[in-house]
Structure formats: C-alpha cells, structure tokens
**Student:** 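Would you mind keeping the following structure in view while I ask a few things?
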Amino acid sequence: MSTIIYAHRGASKLAPENTMPAFELAYKHGADGIETDVQLTKDNIPILIHDEQLNRTTNGNGFVKDITYDELKQLDAGSWKSYHYKDTKIPTLDDLLAWNQDKQIKLNIELKNNIISYQGLEDIVCQKLGEYNMAEQTVISSFNHDSITRINDKKINIDYALLTGRRNKALIPYSKKIKAKGIHISYRLLSNRLVALANDNKLYVAVYTVNSSIAINKAIHLGCHALFTDIPKLAIDIKKRRFAERN
Ligand code: G3P
Ligand code: MG
C-alpha cells in the first residue's frame with residue numbers, strides 16, 4: 001500500500017489556500033488528492049474556505065455564515081497570498097466537483113462545522129457528491145464527531161473519518177462504533193503504536209499537516225494510509241524516490 005498524498009487546501013504553500021489555482025497546482029504536481037474545507041453561506045451555498053471569518057484569506061470581513069453567495073463572489077481571495085493571484089474567487093463545492101469530473105482525483109471534504117454547526121451541511125455535501133457522481137473517490141471528515149455520527153445514522157453510502165488533534169483513548173473504539181473508515185490525526189499524535197492499534201481495529205490512519213521531508217518520510221515509513229501536505233510536490237518526490245530505492 002502506498003501512502004496517498006492529499007494536497008492540504010490545495011498546493012497551499014505556493015497558491016492561495018482553498019482556491020482553484022491551488023487545486024490546479026496540486027493536480028499539476030501530481031497529488032493523489034485534494035483536501036478542502038467546506039462551510040455554508042447565509043443562503044446555504046457550500047463554499048470552500050478554512051476560517052469561519054473572511055478577514056485572513058479575503059478582502060472581506062465578518063462571518064461566512066452571514067454573507068450571501070452573491071456578496072461572497074465579489075471578494076478577492078488571492079491578493080493576500082500574492083498580487084499574482086489578485087481577484088481569485090472563493091470556490092464553491094460545485095466548482096471543485098465540476099473541475100474534478102475529467103480528473104477524478106481523490107477528495108477529502110472536511111466539514112468545517114466544529115465551531116459553527118451549519119445545520120444540514122452533511123446532507124448538502126452528500127447530495128452534491130451524488131449529483132456529480134463523486135462519492136466513491138471522496139472521504140468526508142470533521143472535528144465535529146457528532147456530525148460524522150449523523151452521516152452514519154443516515155446510512156449514506158460514503159466513507160468518513162474522524163479528525164482530531166487531541167489524544168483521546170476513546171477515538172478508536174468510537175470510530176469503530178460509527179463505522180468510520182479511518183482516523184485523521186495531527187502529526188504530533190503519530191506513533192507506531194497508534195498506527196498498529198488503528199490497523200488492528202481495521203481503521204486507517206491519515207496524518208496532517210506534514211510539510212518537512214522528515215515528517216513526510218515518517219508518515220510513509222509508519223504506513224500511514226494518507227498524509228496531508230501544503231507541498232504536494234515534495235511528498236510526491238519523496239514517495240517516488242523511496243519507490244525507486246526499493247526497486
Ligand atoms: O483535514 C486535515 C486538516 O485540514 C485539519 O485541520 O485546520 O487544516 O483544517 P485544518
Ligand atoms: Mg482542513
């Protein structure tokens with residue numbers, strides 16, 4: 001099994017995170033998949049942005065939940081990163097799914113509903129994945145474990161995983177109980193022991209966010225199912241080199 005390389009918010013070291021240029025660059029650099037964060041506008045449009053507020057990554061202010069999609073479309077989500085990306089828009093989930101139709105790379109849709117609960121977010125995202133016939137290559141994750149539990153309760157046919165940055169003894173039994181496919185953990189929690197324990201319980205381990213050669217090599221060496229990196233080119237190159245050395 002080879003570790004899946006997800007571009008974290010796209011190729012976000014070089015391009016503005018969670019934008020189409022960042023996704024394009026990740027694809028160009030050979031990433032196996034894209035991780036992105038989804039939230040809802042005031043009029044319930046699923047859009048791709050990490051923060052609950054607009055100020056860090058756009059020229060707007062206030063909360064995503066308080067702005068309509070028409071208002072959001074006016075914002076510049078690229079200039080904060082570089083003038084080169086001036087007037088880049090915040091993409092919708094539809095934009096990403098439509099773009100991926102002819103590429104079919106893997107997706108990790110992170111429901112960003114751990115601070116604001118966004119009623120109905122699970123249904124909206126799952127419906128979109130169905131519309132674009134893209135459930136099969138997608139895994140849904142969230143730090144909000146109640147949200148992931150709701151997906152299990154609805155018996156929707158989609159893979160999902162629990163996200164955590166905290167040590168938690170109940171994580172593995174709970175993941176098993178709600179039939180998660182895996183656990184997405186912070187790099188600082190990664191250990192041989194945890195990977196073995198998860199795998200013994202038929203759960204995969206994916207690790208975020210690994211941007212150094214040492215961390216990427218460790219994740220691959222420990223047999224992580226996937227890793228999330230802002231620099232997919234680095235991880236892909238490391239994976240290729242390891243493969244070449246083995247053969
Ligand atoms: O899904 C992995 C990772 O993205 C979780 O943390 O804050 O970067 O969304 P964050
Ligand atoms: Mg994320």
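Both ligands and their constituent atoms are indexed starting at 1 by order of listing. Just so we're clear, the structure is a prediction, and the values are computed from it rather than from any experiment.
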**Student:** So does Arg241 pair up with Asp237, basic N to acidic O under 4.0 Å?
**Tutor:**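 Between Asp237 and Arg241 there is no salt bridge, as every charged N stays at least 4.0 Å from the carboxylate O atoms.
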**Student:** For Glu35, what is the atom name of its N, O or S atom nearest to the Mg ion (ligand 2)?
**Tutor:**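 Going through the N, O and S atoms of Glu35 one by one, OE2 ends up nearest to the Mg ion (ligand 2).
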**Student:** Check ligand 1 against Phe143 and write out every atom of the ligand that is under 4.0 Å from a heavy-atom position of the residue.
**Tutor:**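 It comes down to these atoms of ligand 1: 5 (C), 6 (O).
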**Student:** I'd like to check which ligand 1 atoms, numbered from 1 as shown, lie under 4.0 Å from a non-hydrogen atom of Lys112.
**Tutor:**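 Heavy-atom distances to Lys112 below 4.0 Å select 7 (O), 9 (O), 10 (P).
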**Student:** Taking the six-membered ring for Trp, are Tyr160 and His184 ring centroids under 6.0 Å apart?
**Tutor:**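 No: the rings miss the under 6.0 Å criterion.
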**Student:** Answer yes when Lys86 and Asp76 have at least one side-chain N-carboxylate O distance shorter than 4.0 Å, and no when they do not.
**Tutor:**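 A salt bridge is absent here (no side-chain N lies under 4.0 Å from a carboxylate O).
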**Student:** Which atoms of ligand 1 are found less than 4.0 Å from any heavy atom of Arg9?
**Tutor:**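 Reading through ligand 1 atom by atom, the close ones are 7 (O), 8 (O), 10 (P).
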**Student:** For atom 10 (P) of ligand 1, which candidate among His184, Glu17, Glu35, His50 holds the nearest heavy atom?
**Tutor:**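 When every heavy atom of His184, Glu17, Glu35, His50 is considered, His50 comes closest to atom 10 (P) of ligand 1.
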**Student:** Is a side-chain donor-acceptor pair under 3.5 Å present for Thr149 with Asn152?
**Tutor:**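 On atom types as modelled, these side chains do not qualify, holding no pair under 3.5 Å.
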**Student:** With the Mg ion (ligand 2) as the reference point, give the N/O/S atom of Asp37 that is nearest.
**Tutor:**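 Looking at Asp37, the N, O or S atom with the least distance to the Mg ion (ligand 2) is OD1.
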**Student:** What protein heavy atom is closest to atom 3 (C) of ligand 1, reported as residue, atom name and distance in Å?
**Tutor:**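 For atom 3 (C) of ligand 1, the nearest protein heavy atom is His8 NE2, 3.5 Å.
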**Student:** Touching ligand 1 at all, Asp37? Heavy atoms, strictly under 4.0 Å?
**Tutor:**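 For ligand 1, residue contact (heavy atoms, under 4.0 Å) with Asp37 is present.
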**Student:** Verify the distance criterion only: is there a donor paired with an acceptor across the side chains of Ser141 and Asn108 at less than 3.5 Å?
**Tutor:**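 There is such a pair between these side chains.
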**Student:** Is the closest basic N to carboxylate O distance between Asp32 and Lys239 below 4.0 Å?
**Tutor:**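 A salt bridge links Asp32 with Lys239.
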**Student:** Verify the distance criterion only: is there a donor paired with an acceptor across the side chains of Gln137 and Gln104 at less than 3.5 Å?
**Tutor:**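 There is such a pair between these side chains.
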**Student:** Among all protein heavy atoms, pick out the one at the shortest distance from atom 5 (C) of ligand 1; state its residue, atom name and that distance to 0.1 Å.
**Tutor:**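 For atom 5 (C) of ligand 1, the nearest protein heavy atom is Glu110 OE1, 3.4 Å.
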**Student:** For the Mg ion (ligand 2), what is the closest N, O or S atom on Glu110?
**Tutor:**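 Sorting the N, O and S atoms of Glu110 by distance to the Mg ion (ligand 2) puts OE1 first.
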